[in-house]
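The structure appears right after this line, and notes come after that.
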Amino acid sequence: MNVQNTPEVRELSYAEAIREAMDIALERDPRVVLMGEDIGVYGGAFQVTGDLVHKYGTDRVMDTPISELGGAGVAVGAALTGLRPIFEFQFSDFAALAMEQIVNQAAKLRYMLGGAVSIPLVMRFPAGSGTGAAAQHSQSLEAWLGHVPGLKVLQPSTPEDVKGMLLAALEDSDPVMLFEHKVLYKMKGHVPEGYYTTPIGKAAVRRAGENVTIVATSLMAHKALNAAETLAGEDIDAEVIDLRTVRPMDRETVLASVRKTGRLMCVYEGVKTLGVGAEISAMVAESDAFDFLDAPILRLGGADCPIPYNPELEKAVVPQVPDIVDAARNLVKGRV
Amino acid sequence: MNVQNTPEVRELSYAEAIREAMDIALERDPRVVLMGEDIGVYGGAFQVTGDLVHKYGTDRVMDTPISELGGAGVAVGAALTGLRPIFEFQFSDFAALAMEQIVNQAAKLRYMLGGAVSIPLVMRFPAGSGTGAAAQHSQSLEAWLGHVPGLKVLQPSTPEDVKGMLLAALEDSDPVMLFEHKVLYKMKGHVPEGYYTTPIGKAAVRRAGENVTIVATSLMAHKALNAAETLAGEDIDAEVIDLRTVRPMDRETVLASVRKTGRLMCVYEGVKTLGVGAEISAMVAESDAFDFLDAPILRLGGADCPIPYNPELEKAVVPQVPDIVDAARNLVKGRV
Amino acid sequence: MPDSNVSYAIRAYSPEALKEALRKMYLIRKFEEGAEDSYMRGLIHGTMHLSIGQEASAVGSCMSLTDEDKITSTHRGHGHCIAKNADLGRMFAEFFGRETGYCRGRGGSMHIADVEKGNLGANGIVGGGLPIAVGAALSAKRLGTGAVTVCFFGDGANNEGAFHEALNMAAIWKLPVVFVCENNKYGMSTSTERSTAVKNIAERAVAYSMPGVTVDGNDFSAVAEAVDAAVARARSGDGPSLVENMTYRWRGHSKSDRNRYRTKEEIAAWTERDPIPRMAELLISNKIVTAEEVEALEAEAEDTIKQAIEFANASPAPKVEEAARYVYTEEPVA
Amino acid sequence: MPDSNVSYAIRAYSPEALKEALRKMYLIRKFEEGAEDSYMRGLIHGTMHLSIGQEASAVGSCMSLTDEDKITSTHRGHGHCIAKNADLGRMFAEFFGRETGYCRGRGGSMHIADVEKGNLGANGIVGGGLPIAVGAALSAKRLGTGAVTVCFFGDGANNEGAFHEALNMAAIWKLPVVFVCENNKYGMSTSTERSTAVKNIAERAVAYSMPGVTVDGNDFSAVAEAVDAAVARARSGDGPSLVENMTYRWRGHSKSDRNRYRTKEEIAAWTERDPIPRMAELLISNKIVTAEEVEALEAEAEDTIKQAIEFANASPAPKVEEAARYVYTEEPVA
Ligand SMILES: Cc1ncc(C[n+]2csc(CCOP(=O)(O)OP(=O)(O)O)c2C)c(N)n1
Ligand SMILES: Cc1ncc(C[n+]2csc(CCOP(=O)(O)OP(=O)(O)O)c2C)c(N)n1
Ligand SMILES: [Mg+2]
Ligand SMILES: [Mg+2]
């Protein structure tokens with residue numbers, strides 16, 4: 001891996017951080033196997049698995065045929081019988097072919113069998129728009145899986161978190177779904193050496209603030225932080241929370257922030273209607289934090305249309321920094 | 001059809017009303033074809049298609065092999081080229097096998113082709129718990145499809161509505177997903193003779209009230225009405241809204257009611273987290289109706305677990321009338 | 001040099017093993033009758049899928065399996081459970097929705113599994129078990145356990161995409177799995193003639209370069225011979241096979257079936273071909289058992305079922321406040 | 001009595017038709033080169049899948065189709081569009097994301113369709129077009145249009161469950177559809193040897209009781225002969241067929257491909273087998289065209305592409321405020 005190293009901070013890209021986590025996992029646990037389309041000699045469609053096949057061989061880094069349903073089912077069966085598969089969907093959109101195995105089998109087997117089994121399965125979903133891949137290669141479907149009991153659903157936004165959460169997922173006994181925004185893959189950031197885990201189910205307060213709480217997911221956490229800097233220049237002090245986990249959702253962190261700021265905005269890339277922000281909003285609106293709200297709860301989500309190919313249109317249908325700035329300003333200045 | 005007729009009100013069961021709608025559609029439009037597993041001589045797993053195959057033959061009432069993905073795709077291709085298929089999933093749970101064709105193809109084709117085509121496709125989803133069929137045959141997945149632009153998603157709760165909305169769906173040029181609660185199939189109610197349509201996207205105020213708005217979907221609309229009667233005995237006057245359509249959602253009707261009552265409760269059977277009630281709550285919380293809210297927005301949804309087999313457990317994991325009564329009482333009496 | 005006039009079963013198994021096989025066939029028959037009766041008496045809700053008439057397929061397919069070997073089963077899976085040595089009391093307890101059931105009353109008839117015995121479970125999704133079986137075979141190969149997986153599925157399931165994807169992966173990776181198709185001529189109401197583009201499902205093995213064979217699924221010896229060979233092949237590292245057992249379900253598909261899609265004559269013709277007396281005659285004519293011993297076996301089976309039902313009836317229901325337990329392995333502290 | 005020493009194409013088609021076929025093959029080649037060049041110059045974003053080397057398969061498979069007949073295409077679909085008479089300007093305009101493009105700039109390379117010409121569209125989902133093609137064939141049969149559907153798919157797609165389900169339904173319902181597998185030896189980086197349990201994908205036709213044939217996909221005449229026969233069979237009501245065109249993609253799978261999975265030698269050997277000169281020689285040796293006319297055709301194709309690119313470049317972009325239009329047929333009044 002071409003990693004730029006300095007004594008103080010070691011930086012890796014998001015993709016490199018995932019690869020390092022898988023490398024560590026393959027090294028320390030012989031039960032770990034990687035499965036997916038073109039993850040071997042090709043290195044993965046987004047070069048996430050990279051050269052791992054050369055280090056661990058094709059028995060542990062397995063190219064599957066183009067068979068998403070069957071491949072996911074093989075991973076479920078393997079997880080049920082002693083392996084710890086990490087299954088990569090080439091694009092999260094193709095998970096639509098495997099919902100049966102993910103939702104009817106992996107998520108429910110333990111419950112249906114009265115707790116007799118566990119399914120220690122990790123699935124990886126390259127997701128999101130911004131790459132000009134159009135409607136069938138750009139979706140953000142985390143809300144679907146967030147709706148499903150039995151699953152855990154992660155959306156780490158930094159290299160450090162994605163490494164730590166993937167390693168945490170491998171310590172979890174249940175199916176963990178890891179959504180990776182494709183635009184993040186090349187983003188670099190500090191990543192600690194060696195083995196560590198980042199807790200599942202804990203949101204991160206990326207910026208403390210007094211006037212408004214912005215809960216954002218995945219790539220939107222970065223856009224929200226950018227927006228917060230601009231807002232600071234207007235004396236609007238935004239608290240930015242990176243949700244990190246969709247299921248189970250970190251109620252406490254979000255409610256504590258809303259009690260403090262009295263204003264809530266949810267920013268997410270998935271389609272606004274029935275997207276992750278709907279749950280964040282509803283969770284707050286039914287809590288005691290409701291009494292602390294000084295304004296309506298805003299949602300900035302994806303537009304009510306598929307992702308278009310044209311790059312200008314593509315930008316227009318998901319929240320951008322200026323949209324976040326404007327919405328937050330209006331929310332704080334009471335112009336909703 | 002064994003229908004009990006009286007000059008004034010003609011009663012049909014919910015299943016009979018669906019069958020009558022399909023009968024009328026097959027009669028008036030030669031492009032209409034029914035497709036599904038065992039919908040022919042068997043009459044459908046829930047006897048919804050009944051004897052239609054004997055009236056219209058196997059070319060128009062087609063038994064498919066057990067191939068949900070392919071069958072759905074055939075329906076999409078047929079809708080794209082001049083037929084008007086009505087595709088029945090034997091249980092809505094099996095739609096998990098066909099999400100690719102429903103979401104990546106049917107919902108997006110028109111947009112991806114810049115408006116060059118329409119997909120006039122109706123799909124029927126027998127859904128919900130209460131039949132002892134356990135986790136893989138009892139889900140309520142309307143939130144998944146409600147999250148998908150390009151689709152329309154219906155949840156009629158009465159025989160009259162299901163007939164009218166199915167006929168409306170057949171006048172619609174786009175894919176319409178019809179969720180039918182299995183427990184409703186045997187429920188009888190007045191159904192007008194002949195052809196009529198019930199508008200898509202309009203909620204129905206089933207009971208006017210002053211103290212609290214209860215927005216409920218499908219079978220829960222009936223439970224909410226029962227609860228409202230009990231509440232009336234306690235001088236709590238509940239307004240009950242039957243949502244009827246998940247996508248597009250009837251914003252106006254819901255907001256108008258909340259402005260009036262100042263209190264909102266969402267009752268739905270699907271898993272609470274990221275279920276339909278999350279969207280209803282968030283839609284209100286971000287609207288001007290927020291200022292009219294005197295209390296937090298409550299959600300009563302399905303428990304965070306798969307549907308169990310044991311009948312007592314099965315009842316316990318979805319909202320029941322007493323749960324609605326207690327929650328509404330607490331909401332109005334300010335004990336949330 | 002074995003005498004090939006003597007049927008395979010007689011040559012291959014000890015008298016004890018053969019007696020045990022016949023006993024299991026009776027147990028399955030009596031179990032299903034007991035389940036049907038319990039259903040009629042309102043002790044079971046929901047629906048269930050009975051395998052009466054298919055006993056030879058279930059028992060014959062598991063003859064060379066140990067508890068280390070795995071099976072994946074289907075919605076019509078009671079016989080498979082019993083063939084894989086399930087506890088009948090815990091099975092009935094599950095039907096009755098009791099805490100002592102295999103799924104603590106949470107799964108019901110369509111989800112019984114017995115992982116200790118290598119039964120990875122029935123499945124409510126037609127074809128759902130096919131890729132899971134391939135995954136179990138992958139584990140066996142990677143972990144070097146030497147275990148073989150027998151994957152039961154129906155004729156209707158063979159038209160699911162999962163069938164195609166599963167058999168292809170099993171073949172390219174040469175995995176130790178045997179695909180056993182129980183072809184009872186119908187998927188619910190739809191005959192294989194109307195649903196499937198080949199006459200025999202075993203013909204589809206060619207599409208995966210694996211051996212495919214069709215046998216009389218009501219002939220215990222024929223089933224055992226075909227599946228044993230496939231299991232041996234899998235165990236020796238030569239990869240998967242497809243075995244098709246031609247059989248018939250005597251009862252309707254499920255409790256709501258009005259048998260509109262098949263004739264009384266067809267049903268009668270197949271009940272003539274009851275696999276259990278055939279097995280009994282085979283053992284009697286080969287002096288493995290006497291007619292009296294057979295009657296004793298049947299009576300004993302009847303008893304065992306009675307006791308199992310009693311155990312189930314006496315068992316406690318799950319606590320309603322625990323309805324949402326067993327979703328996650330580490331349970332959130334409420 | 002046709003002379004069977006003369007190749008099928010010469011016997012079957014008029015000189016005009018053959019010339020037109022060669023012209024289209026040049027158009028496809030120049031189109032792909034123009035697209036590649038435009039991509040390099042940053043005029044196209046996202047990714048694209050070029051079909052250079054597969055021209056005979058695209059053109060040969062559409063010889064007996066009219067505008068009434070349908071095709072379903074794939075992510076590697078530019079050649080199919082051109083074979084089905086698409087407007088090249090509108091294709092480039094789509095790549096450039098312009099309002100004049102086939103999808104008004106909303107679909108891009110992977111979603112071009114031309115319904116008037118019977119092209120039901122490329123597909124970003126591998127195997128996504130297979131059941132859709134069967135649906136189109138069902139419409140043709142029910143509505144009695146007499147139309148045939150040609151369903152293009154790749155070798156990689158043949159391992160999707162959709163392949164199995166689609167071919168089975170087409171067969172049991174005897175629908176007028178021809179499944180054309182463009183086998184270019186790889187699904188992205190994965191060779192058929194590593195992904196597919198049969199040597200030739202056409203062998204899988206047996207599993208659907210339909211004819212299956214493997215031909216040299218770089219031999220225009222061989223492709224046309226096989227597909228024409230299958231189309232005639234479909235048109236006469238005898239049901240579906242599977243034709244496998246063995247071919248090769250000269251370029252990487254997509255723009256991100258580093259060709260780590262195949263050798264320079266293999267690529268070189270296949271570029272030797274360029275289908276276009278082969279077709280040109282066939283026509284020249286049969287006195288259908290002269291070498292000069294061929295040069296003219298090629299030059300003319302080059303020109304046509306230039307003009308198409310100019311049209312696209314001169315076309316307006318869609319209005320950003322209309323990004324969410326064309327989702328529903330009856331558009332909600334904003
Ligand atoms: C994916 C899916 N589709 C449909 C059903 C409904 N269903 C349950 S059993 C059955 C018939 C299965 O036929 P077959 O595989 O031959 O098994 P058999 O019932 O004959 O034993 C059907 C259609 C289901 N459970 N799962
Ligand atoms: C369902 C699905 N899985 C995976 C992909 C990613 N993908 C796009 S093209 C391709 C290879 C397809 O191979 P093949 O069918 O042989 O067509 P070819 O590219 O060789 O023309 C893959 C894996 C996809 N688009 N859809
Ligand atoms: Mg069957
Ligand atoms: Mg290929």
Side-chain angles (χ1 to χ4, degrees), chain A residues 36-47 49-51 53-54 58 62-73 90-91 93-98 100-101 129-139 271-272 302-318, chain D residues 44-47 75 94-99 101 103-111 123-128 154-163 186-192 194-197 253-254 256-262 317-328 332:
Chain A
E37 292 160 15
D38 308 290
I39 65 169
V41 57
Y42 197 92
F46 300 99
Q47 294 303 309
T49 45
D51 295 332
V53 69
H54 299 302
T58 52
M62 298 175 64
D63 278 332
T64 64
I66 309 175
S67 307
E68 286 76 11
L69 174 63
Q90 200 164 78
F91 286 73
D93 310 70
F94 313 150
L97 283 156
E100 194 286 293
Q101 283 290 336
S129 67
T131 66
Q136 293 176 330
H137 289 71
S138 304
Q139 294 171 86
V271 172
K272 178 181 174 181
D304 218 2
C305 69
I307 300 295
Y309 164 72
N310 172 291
E312 295 313 310
L313 270 55
E314 188 181 18
K315 282 195 205 76
V317 299
V318 301
Chain D
I44 301 177
H45 82 311
T47 187
H75 58 284
E94 189 54 37
F95 293 0
F96 297 175
R98 307 304 168 92
E99 185 73 19
C103 313
R104 298 174 180 275
R106 287 155 175 82
S109 160
M110 270 188 294
H111 302 294
N123 211 305
I125 302 298
V126 167
D155 50 284
N158 102 98
N159 294 316
E160 285 281 8
F163 165 88
Y186 298 91
M188 207 152 158
S189 70
T190 311
S191 67
T192 52
R194 292 170 55 231
S195 71
T196 307
H253 165 70
S254 70
S256 61
D257 189 344
R258 292 168 302 169
N259 276 312
R260 287 189 171 178
Y261 50 88
R262 54 183 194 177
K319 295 203 193 71
V320 169
E321 55 285 12
E322 291 192 349
R325 277 197 66 184
Y326 310 113
V327 179
Y328 294 100

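Just so you know, these numbers come straight off a predicted model, no measurement behind them. Hydrogens, waters and symmetry mates are skipped; everything else that's a heavy atom, side chains included, is used. Residue numbering restarts at 1 for every chain, and letters A, B, ... go by the order of the sequence lines.
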So which of G101(D), A317(D), G107(D), G127(D) has the biggest tally of heavy-atom pairs under 4.5 Å with chain A?
G107(D)
Winner by heavy-atom pair count (cut-off under 4.5 Å) against chain D, out of A45(A), P311(A), G40(A), G70(A)
P311(A)
Please check this pair: side chain of E312(A) against backbone of V320(D), looking for a donor-acceptor N/O pair closer than 3.5 Å.
no
Measure the shortest side-chain to side-chain distance between Y309(A) and H45(D) over non-hydrogen atoms and say whether it is less than 4.5 angstrom.
yes
Check each atom of N158(D) against the heavy atoms of chain A and say whether the ones under 4.5 Å are side chain, backbone, both or neither.
neither
Could you tell me if the side chain of Y42(A) sits less than 4.5 Å from the side chain of S256(D), heavy atoms only?
yes
Contacting moiety of V317(A), where chain D heavy atoms sit under 4.5 Å:
side chain
Working to the nearest 0.5 angstrom, can you tell me the gap between N310(A) CG and K319(D) NZ?
13.0 Å
Using the side chain to side chain donor-acceptor pair (under 3.5 Å) criterion, which residues pair with S189(D)? Sequence neighbours excluded.
D38(A)
Nearest 0.5 Å, please: how far is CZ in R106(D) from CD1 in I307(A)?
13.0 Å
Ranking R104(D), H253(D), M110(D) by heavy-atom pairs under 4.5 Å to chain A gives rank one to M110(D)
Side chain from CB out, backbone as N, CA, C, O: work out which of these in M188(D) comes under 4.5 Å of a heavy atom of chain A, or both, or neither.
both
Would L97(A) and E160(D) count as a side chain to side chain contact (heavy atoms under 4.5 Å, CB included) if you check the C-alpha gap in whole Å, the side-chain angles of each, and the deciding distance to 0.1 Å?
CA-CA 10 Å; L97(A) 283 156; E160(D) 285 281 8; 4.2 Å; yes
Among the listed options Q47(A), E314(A), K315(A), the residue most often paired with chain D at heavy-atom distances under 4.5 Å:
Q47(A)
Segment of S254(D) engaging chain A (4.5 angstrom heavy-atom cut-off)
side chain
State, to 0.1 Å, how close A316(A) and A323(D) come at their nearest heavy-atom pair, and which atoms those are.
CB-CB, 4.4 Å
What residues form a salt bridge (Lys or Arg N to Asp or Glu O under 4.0 Å) with D63(A), not counting sequence neighbours?
R194(D)
Is chain A contacted by the side chain of N259(D), its backbone, both, or neither, given a heavy-atom distance below 4.5 Å?
neither
Is the shortest heavy-atom distance from the side chain of E37(A) to the side chain of T190(D) under 4.5 Å?
no
At what distance, to the nearest 0.5 angstrom, does CZ of F163(D) lie from OG of S67(A)?
11.5 Å
A side-chain contact here means heavy atoms from C-beta on lying under 4.5 Å apart; do P65(A) and T196(D) qualify?
no
With chain A, the option among V327(D), D257(D), N123(D) that has the most non-hydrogen atom pairs under 4.5 Å is D257(D)
